[in-house]
Colleague: 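Just passing along the structure, written as structure tokens.
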Amino acid sequence: MLTVEKPGFSAIQDLGRNGYQNQGIGESGAMDDLAARTANVLLGNPDNTAVIEITLGAAAFRIVKTQWFALTGADLSATVDDRPVPLCAPILLESGSLLRFGNAKRGCRAYLAVRGGFAVDPVLGSASTDASAGLGGVDGRWLRRGDTLAFRSEAVPARRIRWHTCWANPAFEDDEPLWLIPGPAWPELDTDAQRECLARTWTVGKDSDRMGLRLVQSLATARAPAPVLSTGVAFGSVQLPPDGRPIILAADRQTTGGYPIIGTVATVSHPRLAQCRPGDGLRFAVIDVAQAQTLWRARERRFRDWQEHMMRWWRD
Amino acid sequence: MALPADIRIDALGDSALVLRLPAAIDEATNERVHALAAWIAANIRHGILDLVPAYHTLTVHYHPWRYGFEELAERIRAAEPETVQAAFRARTVSIPVCYDPRLGPDLPALAAHCRLSEDEVVRRHSGADYRVFFLGFKPGFAYLGGLHASLYMPRHDTPRLRVPAGAVGIGGAQTGIYPDSSPGGWQLIGRTPLRLFDPEQTPPSLLQAGDHVRFEPIDFDAYRELGGQC
């Protein structure tokens, strides 16, 4: 068991709620799915196990029962009883210790997994918190001070661990652009606007959240893309509203939207997108859908190989 | 190549694609969208995460581990949606609505705007046969077609901070029901005691795409008896 002493902006997430978008229910789920999966795999959990997503730090959790944990994603200056916590490695946290998050040094969102998973009942097939609909997680809301989260597993395997993985770290190590697959409104932009979209470094606005990243600058275009009838949207879809400020839709997006979509950020770039903080810069580079899938599959194949290796390691 | 020639398939990123019919808000177009969804649900069993019908589009969210875009598009090009045209059970859902200014505070203003009596507004709003085109925006919210043109009224310039669950409103050419309490800019003309969205139910939304909807006027006492909140 663990108790929330200081919630910051934290909520339970897994890999999202699928199959209900035709009921108007969004997908939700971890913003950085790769980091969330990595946290689980480090502990030998199925990668869809519920984790805590911690945004930008300023949170603290009291460990009430000793168990193995893993922390991935952003570096939020995590400490246990004032000693720094290693990222991307299984860590044994003793009952009574205080896991505290300070400032965001790198990235935006960290993921805390526990061996066996947090005991959170799925709602409509997922433990993910959808705070706007009040579904999943703890009472369908962000975590609050005093919330307690039980663990599914009581057993604490004895292990000596002197290694860590670098999965889920490279997301913000380099300066790679976000790969953008052009969408229906892309050809409607004039060539200057297309060029500007790809040449400029965009700034992530303060009004960004799990619903979408709102960019600060606006895209000047001779003629704005025509408004469209409401239609389905995806994680990473870049909407261009009439004010010209692009919005990159994320995990808590609505199921349908009516703004023109100039492109969609490729799946392989989602972790990088998820780790952007307000004020960060980002760039786009165009890729076609086949190339984007090839890049993602190559990464996914390596991840799945490592996952299999980790599952075996915890079994033996 | 059985897919009708007027349906385009475009990538929406690398884990979704969109089937696009000629843009229109009409029943025939929308029924073809739902027929496509039914065909895919019945014929492509694996790797499809979500099917999201809208007015004239069907968005297919898929797992890119399972399919490349071209591979899935190729399978969908074999679709014969015309064979599942009758996918809808013709269901009519009756929604009791109390059109009382206590629950529909904008009813007098809407009547004045439309130059009708309040009774006439209620008669026209409850006399129409509405159809659910699709669900979206928020859980259990139905996009309805069929509002009488004489009842169109723009939204409030400044949305209300809180519209209660069950509120029935008009926003421009649309009418609908707020499934839960939220901010909202529509003109509120009444309220239903029914619960539009309940995650404990299967399916969780009371209204489903393809349903016909009728609003049945009830008085304030009946509204209270049916469990309506004030």
Side-chain angles (χ1 to χ4, degrees), chain A residues 15-27 123-124 130 132-136 140 179-184 226 228-238 249 254-258 261 263-270 287-297 300-301 303-304, chain B residues 8 10-20 23-25 29 33-34 37 41 48-61 63-65 67-71 73 133-143 179-180 182 196-197 199-209:
Chain A
L15 298 181
R17 190 168 280 111
N18 283 117
Y20 294 95
Q21 288 198 47
N22 63 355
Q23 306 288 302
I25 299 165
E27 193 180 17
V123 175
L124 302 174
D130 178 347
S132 73
L135 299 176
W179 293 111
L180 184 73
I181 300 159
V228 294
L229 294 176
S230 282
T231 182
V233 294
F235 194 116
S237 287
V238 184
L249 298 176
Q254 291 170 351
T255 56
T256 55
I261 294 171
T264 298
V265 174
T267 309
V268 73
S269 297
H270 288 180
I287 194 170
D288 74 29
V289 59
Q291 289 171 307
Q293 288 180 332
T294 303
L295 280 181
W296 178 79
R297 277 182 187 207
E300 183 67 11
R301 197 166 299 119
F303 186 86
R304 288 183 183 213
Chain B
R8 281 177 43 192
D10 294 314
L12 179 71
D14 55 7
S15 58
L17 57 78
V18 185
L19 306 181
R20 205 179 301 275
I25 300 185
T29 299
V33 168
H34 289 288
I48 304 293
L49 301 175
D50 265 295
L51 291 166
V52 189
Y55 290 113
H56 68 111
T57 59
L58 175 67
T59 302
V60 181
H61 295 268
H63 204 297
W65 187 249
Y67 303 104
F69 165 67
E70 269 308 327
E71 201 180 336
F133 280 119
F134 64 101
L135 302 175
F137 169 52
K138 52 171 54 187
F141 181 83
Y143 285 81
D180 58 8
S182 65
L196 273 292
F197 177 76
E200 307 282 310
Q201 298 294 316
T202 310
S205 175
L206 175 69
L207 296 177
Q208 293 295 312

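Proteins get letters first, then strands, A, B, ... in listed order; numbering begins at 1 in each. Being a predicted model, the structure only gives us computed values, none of them experimental.
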Colleague: Can you tell me which of B:E200, B:E70, B:H56, B:H61 forms the most heavy-atom pairs within a distance under 4.5 Å of chain A?
Modeller: B:H61
Colleague: Please rank B:L12, B:V60, B:L51 by heavy-atom pairs under 4.5 Å with chain A and give me the top one.
Modeller: B:L12
Colleague: Please flag which part of B:D180 lies under 4.5 Å from any non-hydrogen atom of chain A: side chain, backbone, both or neither.
Modeller: side chain
Colleague: Taking A:L229, A:T231, A:V265, A:I25 one by one, which has the highest count of heavy-atom pairs under 4.5 Å against chain B?
Modeller: A:L229
Colleague: State, to 0.1 Å, how close B:D10 and B:R8 come at their nearest heavy-atom pair, and which atoms those are.
Modeller: OD2-NH2, 2.7 Å
Colleague: With a 4.5 Å cut-off on heavy-atom pairs, point out which of B:P64, B:A142, B:P203 contacts chain A the most.
Modeller: B:P64
Colleague: Is any side-chain heavy atom of A:V238 less than 4.5 Å from a side-chain heavy atom of A:L180?
Modeller: yes
Colleague: Taking atom OH of B:Y143 and atom OG of A:S230, what is their separation to the nearest 0.5 Å?
Modeller: 4.0 Å
Colleague: Counting heavy-atom pairs closer than 4.5 Å to chain A, which one of B:A54, B:A37, B:G68, B:A23 comes out on top?
Modeller: B:G68
Colleague: So which atom in A:R17 and which in A:L124 form the shortest heavy-atom distance, rounded to 0.1 Å?
Modeller: CG-O, 3.4 Å
Colleague: Side-chain contact test, heavy atoms from C-beta onward, threshold under 4.5 Å: evaluate it for B:V52 versus A:N22 and give yes or no.
Modeller: no
Colleague: For A:S237, is it the side chain, the backbone, both or neither that has a heavy atom under 4.5 Å from a heavy atom of chain B?
Modeller: side chain
Colleague: So what's closer than 4.5 Å to chain A heavy atoms on B:S205: side chain, backbone, both or neither?
Modeller: both
Colleague: Out of A:Q293, A:E300, A:R301, A:Q254, return the one with the most heavy atom pairs under 4.5 angstrom to chain B.
Modeller: A:Q293
Colleague: Is B:A24 in contact with chain A via its backbone, its side chain, both, or neither, using a 4.5 Å heavy-atom distance?
Modeller: backbone
Colleague: Heavy-atom cut-off 4.5 Å, strictly under: side chain, backbone, both or neither for B:F134 against chain A?
Modeller: side chain
Colleague: Heavy-atom distance under 4.5 Å to chain B: side chain of A:A290, backbone, both or neither?
Modeller: neither
Colleague: Where is the tightest heavy-atom contact between A:D130 and A:G26, given as atom of each residue plus distance?
Modeller: OD2-N, 4.2 Å
Colleague: Identify the heavy atoms of B:L135 and A:G24 that sit nearest to each other, and give their distance.
Modeller: CB-N, 4.1 Å
Colleague: If you compare all heavy atoms of A:T255 against all heavy atoms of B:F137, which two are closest, and at what distance to 0.1 Å?
Modeller: OG1-N, 3.7 Å
Colleague: Name the option with the most non-hydrogen atom pairs under 4.5 Å to chain A; the candidates are B:I25, B:T59, B:L207, B:T202.
Modeller: B:T59
Colleague: For B:L49, which atoms come within 4.5 Å of any heavy atom of chain A: side chain, backbone, both, or neither?
Modeller: both
Colleague: At a heavy-atom distance under 4.5 Å, which candidate from B:P199, B:P53, B:A16 has the highest pair count against chain A?
Modeller: B:P199
Colleague: Side chain from CB out, backbone as N, CA, C, O: work out which of these in B:Y67 comes under 4.5 Å of a heavy atom of chain A, or both, or neither.
Modeller: backbone
Colleague: Taking the side chain as every heavy atom from C-beta outward, state whether B:F141 and B:L196 have any pair of such atoms under 4.5 Å apart.
Modeller: no
Colleague: Using non-hydrogen atoms and a 4.5 Å limit, figure out which bit of A:V233 sits close to chain B: side chain, backbone, both or neither.
Modeller: backbone
Colleague: Does any heavy atom of chain B fall under 4.5 Å from the side chain of A:I261, the backbone, both, or neither of them?
Modeller: side chain
Colleague: Does any non-hydrogen side-chain atom of B:F133 lie less than 4.5 Å from one of B:T29?
Modeller: no
Colleague: Are a donor atom and an acceptor atom from the side chains of A:S132 and B:K138 found within less than 3.5 Å of each other?
Modeller: no
Colleague: So, for A:A234 and A:L249, which heavy atoms are closest and what is the spacing to 0.1 Å?
Modeller: O-CB, 3.9 Å
Colleague: Pick from A:Y20, A:W296, A:W179, A:F235: which one has the most heavy-atom pairs with chain B under 4.5 Å?
Modeller: A:W296
